[in-house]
Amino acid sequence: MINKDVEKYLLKVQKPGRYVGGEMNSVIKNKEDIDVRFAFCFPDTYEIGMSHLGMKILYSILNDVPYIWCERVFAPWLDMEELMIEKKIPLFALESGEAITDFDFIGFTLQYELSFTNVLNMLKLADIPVKTKDRENLGQIVVAGGPCACNPEPLADFVDIFFIGEGEEVDLEVIELYRECKKNNKSKYEFLKLASNIKGVYVPALYDVEYNDDGTIKSFTPNDGAPAVVEKRLMLDMDNSYYPDNFVVPNIEIVHDRAVSEIFRGCIRGCRFCQAGFLYRPVREKSIDVINEQCHNICTNTGYDEVSLSSLSSSDYTEIVGLLTKLNEWTVNEKVSISLPSLRVDGFSDEILSKINTVRKSGLTFAPEAGTQRLRDVINKNVLEDELMETCSKAFNAGWTKVKLYFMIGLPTETYEDVEGIAHLAQKVVDTYYRCENKPKGKGVTVTISTASFVPKPFTPFQWFGQNTRETLMNKQLHLKDTITTKKINYNYHDADTSYIEAVFARGDRKLCKVMEKALEKGFHFDGWSDCFSLESWLELFDECGIDPDFYACRQREYDEILPWDFLDYGVTKKFLKKECDKAYQDTTTPHCRLKCSGCGAAKYGGGVCFEGR
């Protein structure tokens, strides 16, 4: 239902469809039948938030409960925000068109650190007190989850509850507890104390942090019965885990405008830079029949003619060829294309190629991550150069002429020789094209290499590693650019300045809450967008707050240091991560989970890949 105050101004903003709601499959409920209203807030634009699978799942699972109404809220773009402030229109939900000011829960998904300023700005736009201590009554409970909740401390002063791990069950348990507390006139503090004893719930207000003179953490102490360690939640039985049979169909084109089916969670590979590969252990697969049924239901109920098989590494699904065969039984006749967005170089077989050959040949994307074999061994990528060339050769002979290769710059132990290796590897891909006998006639090849600046992340073997300085990262980018000698190779690189701020908040502690509050006062938001990001402004802000950002981003940390996230248990032990870090510095690889168990700790959950074949 469109907000009437907003409707009269829609012609003054770009993309009015972001703000009108009313999409097919959106959920409208009678407020008289509702006990709990939940504002699901995505701290970015509509086009990005509507592409997010986690939001689709949780939106549906919450709305399947009769007494809960979950509504979607997105960050208004600059033009709409300016109008809302000028006309005194508070932030509103798309389903009802109503301000979220008096909703029971204000929930955020934290997908990347540069969205943190949008979280605070959205609270401000909603006229909701930003700090936890200023929201005294039972209501306006601010909750957050997602991958960045694995280090919640930079937002500890603002969020009442963090959901640690996967949210399908814990979200409902907390909402049910809230409903009971509301009926029994419990205080907000009583509710938070009770909630803290639900597995997967972290309540920052119940913990005290002390610091050493050098700024590192001295102690982290729970109070009022809160657990000393907060253990993540996860869904072990993916076949019986909730999955919606339809999605809200957007009114405007979004970033990933297609049906999505999740085929498994986790990753067997153990790439040492990859946070998701450790956070979501162990690997848990869905069966072919369940995936097939979910894909068909979603396409039927939304009208999409493309379905994407979502995972961290699609070709690692144990029966990927059988799955594609099953899907082709109906996708070919119904003219639905299948997308495999996460293919590994060593998983691109002739059988897979034949099954996706109906997809338009716009380009294939692979992620070698590093330009030399030595550095690929350091990061445990376990991809050989010959495998990349063989894969590209198959693709070129099958009609593809465009390849994208993703790399990182600034990885631990990286040298300028490793940087040059990126250009040399791309050149070998070009050369491979012209050696293919069955390459497309009369067409040239285009190889695009993209580099992102490495950011050390919590719960990875590189969490102790100090990020390269911005100057070093920029020098490496320019060196790579100078090393490329052909126009058949395009080079795109991610701004090192934003990666620096990302690293600060990825490895930060509660002292950064002061910076966040100042950032809100100064109007910082949409820091993931070049239109809004200013490193100079951030550096001035850190200086004003008396905080050295290098302390968080660039400082090499010792193994015995208490890390801001050490009280969280994602199933992977610190002992294992230290062992993997040591192996990285020895250029030594670790086999993936299906070849040999490395004892990471995730077997304690009693399911998934850890117990396959037993």
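For reference, positions follow the sequence shown, starting with 1. Just so it is clear, the structure is predicted and the values come from calculations on it, not from any experiment.
With rounding to the nearest 0.5 Å, the separation of CZ in F158 from CG in L120 is 5.0 Å. Annotation: the span from H256 atom NE2 to I48 atom CD1 amounts to 9.0 Å, rounded to 0.5 Å. In this structure, CG on N151 lies 11.0 Å from CG on L110, to the nearest 0.5 angstrom. Separation of atoms CZ (F533) and CZ (F524) is listed at 9.0 Å; rounding is to 0.5 Å. Distance check: L405 CG to T451 OG1 gives 12.0 Å after rounding to the nearest 0.5 Å. Note: T469 OG1 to Q467 CD = 9.0 Å, rounded to the nearest 0.5 Å.
Test Q275, Q463, E502 against K457 for side-chain hydrogen bond (donor to acceptor under 3.5 Å, both in side chains) and you get one pass: E502.
The minimum heavy-atom distance between S310 and L53, with the atom names listed, is OG-CD2, 4.0 Å. When all heavy atoms are compared, the tightest approach of C150 to W565 is O-CB, 3.3 Å. In terms of heavy-atom proximity, C70 sits nearest to F40 at SG-CB, 3.8 Å. The minimum heavy-atom distance between S499 and V455, with the atom names listed, is O-CG2, 3.7 Å. Closest approach of V130 to K124, counting heavy atoms only: CG2-N, 4.4 Å. For the pair A506 and P458, the tightest heavy-atom approach, listed with the atom from each and the gap, is O-CG, 3.2 Å.
Side-chain contact of Y46 with N251: a donor-acceptor pair under 3.5 Å is absent, judged by distance alone. In the model, Y304 has a side-chain atom that pairs as donor or acceptor with a side-chain atom of D257 under 3.5 Å. In this structure, a donor-acceptor pair under 3.5 Å is absent between the side chains of E561 and W464. Side-chain contact, N468 with K476: a donor N or O sits under 3.5 Å from an acceptor N or O. If you check the side chains of D418 and T415, you find a donor sitting under 3.5 Å from an acceptor. Side-chain contact check for S534 and E536: no donor-acceptor pair (N or O, by modelled atom type) lies under 3.5 Å. Counted by atom type alone, S450 and Y491 present zero donor-acceptor pairs between their side chains at under 3.5 Å. At a cut-off of 3.5 Å, with distance as the only test, no side-chain donor of T101 or D127 sits close to an acceptor on the other residue. Donor-acceptor pairing under 3.5 Å is recorded for the side chains of S96 and E71. Q477 and H494 share no donor-acceptor pair across their side chains, judged by distance under 3.5 Å alone.
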Go through L155 and F162 one step at a time and tell me if the side chain to side chain contact (heavy atoms under 4.5 Å, CB included) criterion holds. CA-CA 10 Å; L155 290 174; F162 286 95; 3.9 Å; yes
Is there a side chain to side chain contact (heavy atoms under 4.5 Å, CB included) between V73 and L91? Walk through the geometry before answering. CA-CA 8 Å; V73 186; L91 188 65; 3.6 Å; yes
Between Y207 and Y202, is a ring-ring contact (aromatic ring centres under 6.0 Å, His included) present by the stated rule, with each step listed? CA-CA 9 Å; Y207 296 79; Y202 168 51; 5.1 Å; yes
Are D160 and R135 close enough, and set up right, to give a salt bridge (Lys or Arg N to Asp or Glu O under 4.0 Å), and what steps lead you there? CA-CA 9 Å; D160 296 305; R135 300 188 299 269; 3.1 Å; yes
Checking E544 against K518 for the salt bridge (Lys or Arg N to Asp or Glu O under 4.0 Å) test, could you report, in this order, the C-alpha distance in whole Å, the side-chain angles of both residues, the deciding distance, and whether it holds? CA-CA 9 Å; E544 186 179 331; K518 282 283 185 184; 3.5 Å; yes
Taking it one step at a time, do F526 and L78 satisfy side chain to side chain contact (heavy atoms under 4.5 Å, CB included)? CA-CA 9 Å; F526 282 110; L78 308 181; 4.0 Å; yes
Intermediate values then yes/no, salt bridge (Lys or Arg N to Asp or Glu O under 4.0 Å), K87 and E81: CA-CA 10 Å; K87 306 299 181 183; E81 179 183 339; over 6 Å; no
Could you go through F105 and Y178, starting from their C-alpha distance and side-chain angles, then the distance that decides it, and tell me whether this counts as ring-ring contact (aromatic ring centres under 6.0 Å, His included)? CA-CA 10 Å; F105 286 88; Y178 172 85; 4.8 Å; yes
Could you check F273 against E369 for side chain to side chain contact (heavy atoms under 4.5 Å, CB included), going step by step and ending with a plain yes or no? CA-CA 10 Å; F273 59 85; E369 306 294 1; 3.7 Å; yes
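Put simply, the side chain of C532 does not reach to within 4.5 Å of the side chain of D527, judged on heavy atoms. Using a 4.5 Å cut-off on side-chain heavy atoms (C-beta onward), M84 and P90 make no contact. Residues D104 and I141 fail the side-chain proximity criterion, which asks for heavy atoms closer than 4.5 Å. Residues D509 and L563 form no side-chain contact, since every pair of their non-hydrogen atoms from C-beta on lies 4.5 Å or further apart. Here the side chains of V6 and V20 are not in contact, with every heavy-atom distance at 4.5 Å or above. At least one side-chain heavy atom of L541 sits under 4.5 Å from a side-chain heavy atom of V515. Side-chain atoms of R281 and V572, non-hydrogen and from C-beta on, do get closer than 4.5 Å to each other. Contact of the W538 side chain with the D543 side chain is not registered, since no non-hydrogen atoms from C-beta on lie closer than 4.5 Å.
Put simply, the side chain of D569 never gets that close to the backbone of E231: no donor and acceptor are under 3.5 Å apart. No donor-acceptor pair closer than 3.5 Å links the side chain of N212 to the backbone N or O of D214. For E23 (side chain) and V248 (main-chain N/O), no donor-acceptor pair under 3.5 Å exists by modelled atom type. For R557 (side chain) and Y552 (main-chain N/O), a donor-acceptor pair under 3.5 Å exists by modelled atom type. Of the possible polar contacts, one joining the T132 side chain to the D157 backbone as a donor-acceptor pair under 3.5 Å is found. The main-chain N or O of G139 is never found under 3.5 Å from a side-chain atom of N137 such that the two would form a donor-acceptor pair. A donor-acceptor contact shorter than 3.5 Å links the side chain of S314 to the backbone of L309. R510 contributes a side-chain N or O that, together with a main-chain N or O of P204, makes up a donor-acceptor pair within less than 3.5 Å. Under the 3.5 Å distance criterion, the side-chain polar atoms of T498 are matched with a main-chain donor or acceptor of D495.
With a 6.0 Å cutoff to the six-membered ring centre and a 45° limit on the axis angle, R72 counts as a cation-pi contact of Y59. For K511 and Y211, the positive end sits near the middle of the six-membered ring, less than 6.0 Å away and at most 45° from its axis. A cation-pi contact, defined as under 6.0 Å to the ring centre and within 45° of the axis, is absent between K232 and Y570. Cation-pi geometry between R272 and F462 is not met at under 6.0 angstrom from the ring centre and within 45 degrees of the axis.
Aromatic pair F278/F459: centroids not less than 6.0 angstrom apart.
No more than 12 heavy atoms of other residues, nucleotides or ligands lie within 6.0 Å of CD in E82, so this atom counts as exposed by the packing criterion. The environment of NZ in K574 is crowded: more than 12 heavy-atom neighbours from other residues, nucleotides or ligands sit within 6.0 Å.
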